[in-house]
Structures are given as C-alpha cells and as structure tokens.
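I have placed the structure first, in the form of structure tokens, so that the comments after it can refer back to it.
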Amino acid sequence: MEARNFSVLVIAHGRAGHLRNLLAGVERSAELPCEVVLVYMDEPVPEPVSCIVPLRIHHVTSRPGESGLPLARARNTAASAAASPNLVFLDVDCIPSDTLFTALLDAIEGEPVLAMAEPRYLPAPLQAGFGIDDAALLGASVPHHARANLAGGGERFRHEMFWSLGFAIKAGIFFRMGGFDEGFTGYGAEDTDFAFRARKQEIPMCFVAEPLFHQHHGVHKPPLNHFEAIIANARNFHVRWGTWPMEGWLGAFAEMGLIRWDPEGSRIDVMRKPEAAEVEATRSNDPY
C-alpha cells in the first residue's frame, strides 16, 4: 500500500512521561505519520523527548484573562503548522493502537467526515518496563461507560458524543470549519462546540473500531479544579447553541450550592467559589 501523508498533532502541558508513551505508540504504528507536531502550553522549558518521526515543536502561552490552558488555540496552532492534508489529533495522555491511524485515515478518505477513535482507560499508571503492546493495553484497560458500545465499522453517531481525545479530519475541512473556537479557554465545551459546528456544516461524525488507550492520571469528580473555566465555557456555549453542555457537572455544582442553575433556563448564577478543601475532597483515582 502506498504510504499516506498525515500529521499527528499533540498538545501537552507537564506530562512528559505520558508523552513518551504516546510517541512510543506512534513509533510502532502500522502507518507512520510524516511528522508529529507538538505544541506545549505554558511550558517554556519542557523535558526533552525524541521520536523516529520528525518532531516539530511549537509553544503557546496563556493570555491575560484566560481561564486555564489555551487548549483550542494550541490545537489550532498545531493544525496551522502541519504539513499534511490529513490531521490526526491525539491528547497527550493517549497511546494509539498499532492500527489506529490506518482506521482513522480509512474513515476520512472519502466524503468529509469527523472520525473519532474508541477511548479505553487504564485504571492505574503504567509501570516501568510495561510494554507498549496492544494486547497488554487491551487487557489492562476498560471502556468508558458512555462510549462502550459506539465503535464498530465507522457507524455514524450524534455529534454530542464527540470527544477530542483522538480524532482525524481532513485539513481542508478543519480550516473550512474555522478550527476550534479560541473563545473557549481552559477545560470544557470547546470540543462539543467544534462537533456542533461540524454538524451545522453537515459534516457527519463516525467512530472507528480501533482503540486509543488513555493513560491514568488523577481526576476531580466533579471537576472543581476547573470550576471557573467550566462556568465561563458553559455560558459561552449556551449563547451560541441555546443548550447547555456539561450538564452533569453543572448539576453537581448546583447540588453543592456553588451555582444557581436551571437546565431549562438561560443563565448560571455563581453563588460562591469552591473552597480549597472542597476541591481537594473531589480528588479521585478512578480511570475516568
């Protein structure tokens, strides 16, 4: 088969170990990209990494007034720097299966489509010496309960189910859509907004049956550590689309008395910000 021209795009902040595992996964892939475009966010002196594939490194920094990391701007920076007509986005926590790139490229080869991989979650950090091997990773990982039965043969699904953990799209389609909206900063809703704009332009979404493996890291349930960004992004999203994203998290914030929010309403009122002890109490080692 003739080699296909594609770029792998990764955004990163403070996860050098995860990044090394991701690059090890890239190196063993059945189809190798022409490059890995790596964009560091607010990390001017990252730990060095290497890859047998050419590695193109860029940096973005947060601007005054932004809540959290500039995720949307970092993804757009990576896409603008890419040399290929086919873009594969991977979050830094993800390890591709050895045939993931092949499946994603197959999915976007024909008509315009937004193709997402099947996420599987590792319930504990990888130990030193653990091989980056599909069989071992499959045995050690678990599916997300909300995505467990989606992947299989490129079936199409609702755009609300899109996650930006790992997906592929033609560069021309990405730029026609305007990329990710940089009005969303920090955690939450920028990927759903991206998918909704794909739907508005009648670009279908499909899931492929090949997994990517999400490496374990601690989470907050609910994510009080991203409280301000989630509120700002939810408001931004509702103004544009007339519906609320992240309803589970907003409902949890309301139950804690942090916000006043009606899912059928059009506003969020912040009653108070979470205290440091409350944020700490939400720490979890669950896989997701």
Side-chain angles (χ1 to χ4, degrees), residues 1 3-4 6-12 15-33 36 38 49-53 55 86-109 113-158 160-169 191 195 205-219 221 284-288:
M1 183 177 67
R4 291 187 281 192
F6 69 103
S7 299
V8 170
L9 314 182
V10 181
I11 63 175
R15 295 242 170 93
H18 284 183
L19 177 58
R20 291 189 187 95
N21 290 334
L22 180 153
L23 294 174
V26 169
E27 290 180 338
R28 73 189 175 103
S29 295
E31 290 190 64
L32 291 178
V36 174
L38 173 58
V49 293
S50 62
C51 187
I52 62 172
V53 173
L55 196 58
N86 302 300
L87 308 179
V88 176
F89 289 80
L90 288 181
D91 274 8
V92 70
D93 300 321
C94 296
I95 302 172
S97 66
D98 59 3
T99 53
L100 174 63
F101 297 154
T102 296
L104 288 173
L105 292 172
D106 287 347
I108 67 171
E109 245 183 14
V113 68
L114 178 60
M116 180 183 158
E118 175 189 6
R120 292 183 62 88
Y121 289 77
L122 294 163
L126 293 179
Q127 300 301 309
F130 188 96
I132 304 300
D133 170 81
D134 276 7
L137 290 169
L138 277 168
S141 62
V142 297
H144 191 286
H145 73 277
R147 304 296 193 278
N149 299 309
L150 288 178
E155 290 94 335
R156 296 178 179 183
F157 290 91
R158 293 182 298 111
E160 290 88 343
M161 303 301 288
F162 175 73
W163 280 347
S164 54
L165 289 174
F167 71 98
I169 190 171
D191 49 358
M205 185 184 73
C206 72
F207 285 78
V208 300
E210 290 297 328
L212 58 80
F213 303 99
H214 186 278
Q215 299 174 76
H216 182 271
H217 59 77
V219 296
K221 300 172 66 174
S284 171
N285 281 317
D286 289 347
Y288 58 84

Worksheet item: Is there a side-chain contact (heavy atoms from CB on, under 4.5 Å) between Met116 and Met161 once you walk through the steps?
Response: CA-CA 10 Å; Met116 180 183 158; Met161 303 301 288; over 6 Å; no
Worksheet item: What's the shortest heavy-atom distance between Gly166 and Leu90, and which atoms?
Response: CA-CD2, 4.1 Å
Worksheet, complete the sentence: Rounding to 0.5 Å, atoms CZ (Phe89) and CG (Asp191) come to a distance of 12.0 Å
Worksheet entry | Check: Val8 and Val53 side chains under 4.5 Å, non-hydrogen atoms | no
Discussion item. Quick one, Leu19 and Leu38 - any side-chain contact, counting heavy atoms below 4.5 Å?
Written reply: yes
Practice prompt. Could you check if a side-chain atom of Arg4 sits within less than 4.5 angstrom of a side-chain atom of Thr102, using non-hydrogen atoms only?
Written response: yes
Worksheet item: Between CD of Glu109 and CG of Asn86, what distance do you get to the nearest 0.5 Å?
Response: 8.0 Å
Practice prompt. Kindly state each residue pair satisfying salt bridge (Lys or Arg N to Asp or Glu O under 4.0 Å) with at least one member in residues 92-101, sequence neighbours excluded.
Written response: Arg15-Asp93
Worksheet item: How far does OG of Ser29 sit from CZ of Phe101, to the nearest 0.5 angstrom?
Response: 4.0 Å
Fill in: CD-CG distance between Gln215 and Asp91, expressed to the nearest 0.5 angstrom
11.0 Å
Worksheet item: Arg120 side chain to Pro211 main-chain N or O, any donor-acceptor pair under 3.5 Å?
Response: no
Discussion item. To the nearest 0.5 Å, what is the distance between CG on Leu212 and CD1 on Ile95?
Written reply: 9.5 Å
Worksheet item: Closest approach of Cys51 and Leu23, non-hydrogen atoms and distance?
Response: SG-CD2, 4.1 Å
Worksheet item: Between Ile132 and Leu126, is any pair of side-chain heavy atoms under 4.5 Å apart?
Response: yes
Practice prompt. Return the orientation label for the Phe167 and Phe162 ring planes: parallel under 30°, perpendicular over 60°, tilted otherwise.
Written response: perpendicular
Fill in: Nearest non-hydrogen partners of Pro287 and Val142, listed with the distance
CG-CG2, 4.2 Å
Worksheet entry | Minimum heavy-atom distance Ala115-Ile108, with the two atoms named | CB-CG2, 3.9 Å
Worksheet item: What pairs with Asp134 under salt bridge (charged side-chain N to carboxylate O under 4.0 Å, His left out), at least two apart in sequence or on another chain?
Response: Arg28
Worksheet item: Can you check whether Pro119 reaches His214 side chain to side chain, under 4.5 Å on heavy atoms?
Response: no
Discussion item. Using 0.5 Å steps for rounding, measure from the OH atom of Tyr288 to the NE2 atom of His216.
Written reply: 12.5 Å
Worksheet item: Under the criterion side chain to side chain contact (heavy atoms under 4.5 Å, CB included), which of Leu105, Leu87, Val26 is the partner of Pro33?
Response: Val26
Worksheet item: Any side-chain heavy-atom pair from Asp286 and Tyr121 closer than 4.5 angstrom?
Response: no
Worksheet item: Is a side-chain donor or acceptor of Glu210 paired with a backbone partner of Thr99 at a separation under 3.5 angstrom?
Response: no
Worksheet, complete the sentence: Closest non-hydrogen contact found for Ala168 with Val88 is CB-CG2, 4.1 Å
Practice prompt. Looking only at non-hydrogen atoms, find the nearest pair between Leu104 and Ala117 and report the distance.
Written response: CD2-N, 4.1 Å
